[in-house]
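This report concerns only the one structure given below.
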Amino acid sequence: MRNILLKIIILRFNFEIMFRNYTCGELRLSNLNQEVILAGWVQSSRNLGGMTFIDLRDRYGITQIVFNMEDDENLCLAARKLGREFVIQVKGTVLERSSKNLNRPTGEIEIKAKELNLLNASETPPFTIEDESDGGDELRMKYRYLDIRRNPVKEKLLFRHQVSLETRKYLSDLHFTEIETPYLIKSTPEGARDFVVPSRMNQGQFYALPQSPQTFKQILMVAGMDRYFQIVRCFRDEDLRADRQPEFTQIDCEMAFVNREDILSTFEGLMKHLFKTILKIDLPDFQRMSYDDAMHHYGSDKPDLRFDMKIQYLNSAMQNKGFVVFDSAELVAGIVCKAAAEKYTNKDINDLTEWVKRPQMGAKGLVYIKYNLDGTIKSSIGKFFSDEALQQLAIEYGIEKGDMFLILAGDKDKTIKQCGELRLEMAKRLDIISKDVFSAFWVVDFPLLEWDDDAQRFFAMHHPFTSPLPQDLEKLKSNDREILKSIRAAAYDMVINGAEVGGGSIRIHDRALQSQNFKLLGFSEKEAEEQFGFLLGAFEYGAPPHGGIAFGLDRVCAIMQGSTSIRDYIAFPKNNQGRDTMIDSPSTLDQKQMTELGIKIS
Ligand code: ASP
C-alpha cells in the first residue's frame, strides 16, 4: 500500500501524465494483446486466492481487470486493498476471457494488469452504485454525484442530451436562430407565482425570474428575427406535484409570418424527427381534436388516446326513473369498462368508490352495473331499475356481456372531469394501456378566457398574448359572460400519451386588440401600461403576425422513454419541498448580505 500511496501523491499532482488511452466500454476481442491504459472507479472486486478480479467502471462501461498472484504478488495484494469507488489507473494487456460474460459488451476480454495507480480513495458510498440501488430517494438526491454514476440515471442524462441536440439540428436546419433572453426580468403573467431576486443596486426593487421568455420572444419577432428558439430554463413558484419542478427547461419557439397550420406542421415535424432519429419510431400524422370534443368525450384537455373508453351521457336514459340521486343531478355520465364485470370484485368496487370520493375527486358516490357473462346483471341501483331497463341500456350503449358500466352524477362540468379521471384510473387498474404505443395529437381551439368564481373575473386560459380565432373576434365586444366564455383562442397543445408536452398560440400583434384583451382580463389601462408598456410600445413599430409554442424538454424526454417522472431527466432536481438537499438550498443569508440588499426581517 505504501508504494501505492506514494504514487497517489505523484499522480494526483502530475497533470502531464496520460490517464487513459481507452475507455472501460470499448475494448473487444479485436484489441487482443494490445497494451492499454484504463482509468475509472472500482465497481467491485473479487478475491479468489490466487487471482483478484476488479470490475473497473467509467461512463462508457465496465471492463474486468485481473491481477495474478503468480505474476506480481505486490500488485495483487495492492489490488485487494482497493475499496468500492476508489479511482484507479490500470496499465495492462488485453486477453481473451476463459469464462465470457456475453451480457456485457466488453465481456469477452479482460485486462491482465501490469501496473496499478491509485488516483484517489473513496469513502464507502452510502448506497450501492448498481442499476437497482438500495438507496432511497432522499439519500440518492443528497449524494446525486454518486447517483449519476448509476446507469439508469446516467442514461437518462445522455438521452436528454440527444433530445436537445436533435432539437437544435432540426430547428437550425429550418433557419431558427437560438437566442438567449435574460433571466433577471420582470414578472411574466403565465399564471404561476414568480421567483424574485432582490436588487442590491436598486434597493426595494426586485427582478423576477422568467416563467417563460414569452414577451421577449414576441419582441424578437418585432425585431425581425423571424424564427427564434431557445432551450431555456423557466421558473415557476408553484406547489410541487410529482411531475413539477420549480425550475424546468423549455424548448421555446416563435415564428413570424405564419398561420396556425404552419406552426402545427413545423412542430409536428420536430416531434416526428425526435422519435425517428432517437427512438427509430415513425409517428403517424397527428390528429386534431377540438378542446370541446376532448372535454366531451374524455373529460380532459389532454386525453390519453391509447385506449378508447369514451364518456357516455346518460341523462335521457337514466333520469326520471325514481332514483333521486340521478334525478337531481345536472349530469349523469359514465364509462364502460370492457370485459371487467367478472374481474372486478366487490372489494375492488368498494376501493374505487373510496377513490372517487377522495377530496381531490369529490364525487358523492359511484354506481356500477355489471353485465355478467352468464347474462345476469348485478348493480348498485338494482332497486330503482329493473333488469329489463338495464338490458335496454346495454343495447342502447353497445354494452356486451362481461362489460361493466361505472356511473357518476352531479354538476355537469365537475362530473365530466371526474369521468375523465375515472377513465384514466380504470385504464391503469385494468392494465389496458399498451406500453409501447405512442398516441400523439393536437388539441386545438381552446377557450380564450376562463371565468374564476372566487376572483369574479376572467383569466387567460393560455396567456394574455393569445389571439382569439378570427371568427370569434366580434364576440370580444360583448358584455355577456356566456358569450365571452365561448370565444375560442388560436391556441393549441401537443398531447402525447395523456400528457401535455407542448403548447402555444398565434399571438395578438395589434396594439388595440392587445389593450382590449388586457381590459377583458381586468387590467386597468394604467396597470397594462405599467406591466406591459414595453410590449404595447413595440407593437406600435411594425409588429409582424406571429405565433409560437413551447415544449417541456424534461417532459418530452420522460414521455419518449415511457417514464412518469421528469425528475429523472434533470441532473440536479429539487425534492417535493422545493429543496436541493445536496447543496442544502434554499438557505438563510448572513446579516451582511441582507443589509447590502436592504432586506430587513422583523
Ligand atoms: N410561453 C408559453 C408557455 O410557457 C408557451 C407559448 O405560448 O409559446 O406555456
Side-chain angles (χ1 to χ4, degrees), residues 167 171 176-183 185-195 208-222 225-238 243-256 258-260 262-268 270-271 291 301-302 442-450 459-469 488-496 499-509 514 517 521 531-532 535 543-556 566:
T167 298
L171 292 174
F176 280 79
T177 311
E178 186 161 17
I179 302 174
E180 290 176 81
T181 52
Y183 280 161
I185 64 164
K186 83 184 197 183
S187 190
T188 42
E190 303 270 353
R193 271 186 219 101
D194 287 319
F195 280 103
L209 300 179
Q211 293 184 37
S212 91
Q214 185 60 36
T215 47
F216 286 97
K217 67 174 172 175
Q218 289 191 239
I219 283 179
L220 283 170
M221 294 305 107
V222 182
M225 287 312 292
D226 196 45
R227 292 182 164 208
Y228 140 98
F229 86 100
Q230 186 180 188
I231 297 187
V232 61
R233 198 69 56 79
C234 301
F235 306 85
R236 296 185 189 175
D237 188 3
E238 292 174 299
D243 65 340
R244 288 270 169 92
Q245 283 281 315
E247 49 179 308
F248 61 97
T249 304
Q250 281 191 344
I251 304 167
D252 191 48
C253 311
E254 198 75 6
M255 301 168 87
V258 284
N259 58 32
R260 185 175 79 173
D262 297 321
I263 297 195
L264 298 191
S265 66
T266 304
F267 292 99
E268 184 168 325
L270 168 64
M271 203 48 68
Y291 170 87
D301 60 0
K302 45 179 188 314
W442 294 103
V443 177
V444 296
D445 299 350
F446 279 81
L448 183 73
L449 305 165
E450 228 176 350
F459 282 89
M461 191 147 192
H462 187 48
H463 52 53
F465 315 110
T466 295
S467 172
L469 283 183
R488 287 161 303 161
Y492 31 77
D493 275 359
M494 186 188 285
V495 176
I496 306 184
E500 178 208 324
V501 294
S505 57
I506 296 293
R507 326 297 184 191
I508 296 170
H509 64 282
Q514 186 64 70
N517 205 31
L521 296 170
Q531 289 190 46
F532 305 110
L535 186 70
H546 61 285
I549 192 165
F551 293 89
L553 173 66
D554 319 291
R555 183 150 314 148
V556 168
I566 64 166

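All ligand and atom numbering here is 1-based and tracks the order in the structure. Numbers here are sequence positions counted from 1.
- Listed by number with element, the atoms of ligand 1 under 4.0 Å from a non-hydrogen atom of Gly504 are 6 (C), 7 (O).
- Proximity of Arg507 to ligand 1, defined as any heavy-atom pair under 4.0 Å, is confined to the side chain (atoms from C-beta onward).
- When the side chain to side chain contact (heavy atoms under 4.5 Å, CB included) test is applied to Ala256, the partners found at least two apart in sequence or on another chain are Met221, Asp226, Pro544, His546.
- For ligand 1, the polar-atom distance check finds an N/O of Lys217 within less than 3.5 Å of one of the ligand's N/O atoms.
- Polar contact with ligand 1: absent for Ser505 (N/O pair, distance under 3.5 Å).
- For the pair Lys302 and Asp493, the salt-bridge criterion is not met [side-chain N within less than 4.0 Å of a carboxylate O].
- The distance from ligand 1 to the heavy atoms of Ile549 drops below 4.0 Å at these ligand atoms: 8 (O).
- By the 30° and 60° cut-offs, the orientation of the rings of Phe235 relative to Tyr183 is perpendicular.
- Interface atoms of ligand 1 facing Gln250, defined by a heavy-atom separation under 4.0 Å, are 3 (C), 4 (O).
- The CG atom of Asn259 sits 6.5 Å away from the CD1 atom of Ile506 when rounded to the nearest 0.5 Å.
- By heavy-atom distance, the residue among His462, Gln211, Arg236, Gln214 lying nearest atom 4 (O) of ligand 1 is Arg236.
- Every atom of ligand 1 is numbered from 1 in the order shown, and the set under 4.0 Å from a heavy atom of His463 is 2 (C), 6 (C), 7 (O).
- Applying the salt bridge (charged side-chain N to carboxylate O under 4.0 Å, His left out) rule to Glu238 yields the partners Arg244; only residues at least two apart in sequence or on another chain are considered.
- Under a 4.0 Å criterion applied to the non-hydrogen atoms of Ser212, ligand 1 contributes the atoms 1 (N), 4 (O).
- Residues Gln250 and Ser212 have side chains that never bring a donor and an acceptor to within less than 3.5 angstrom of each other.
- Taking the six-membered ring for Trp and thresholds of 30 and 60 degrees, Phe267 and Phe176 have ring planes more than 60 degrees apart, a perpendicular arrangement.
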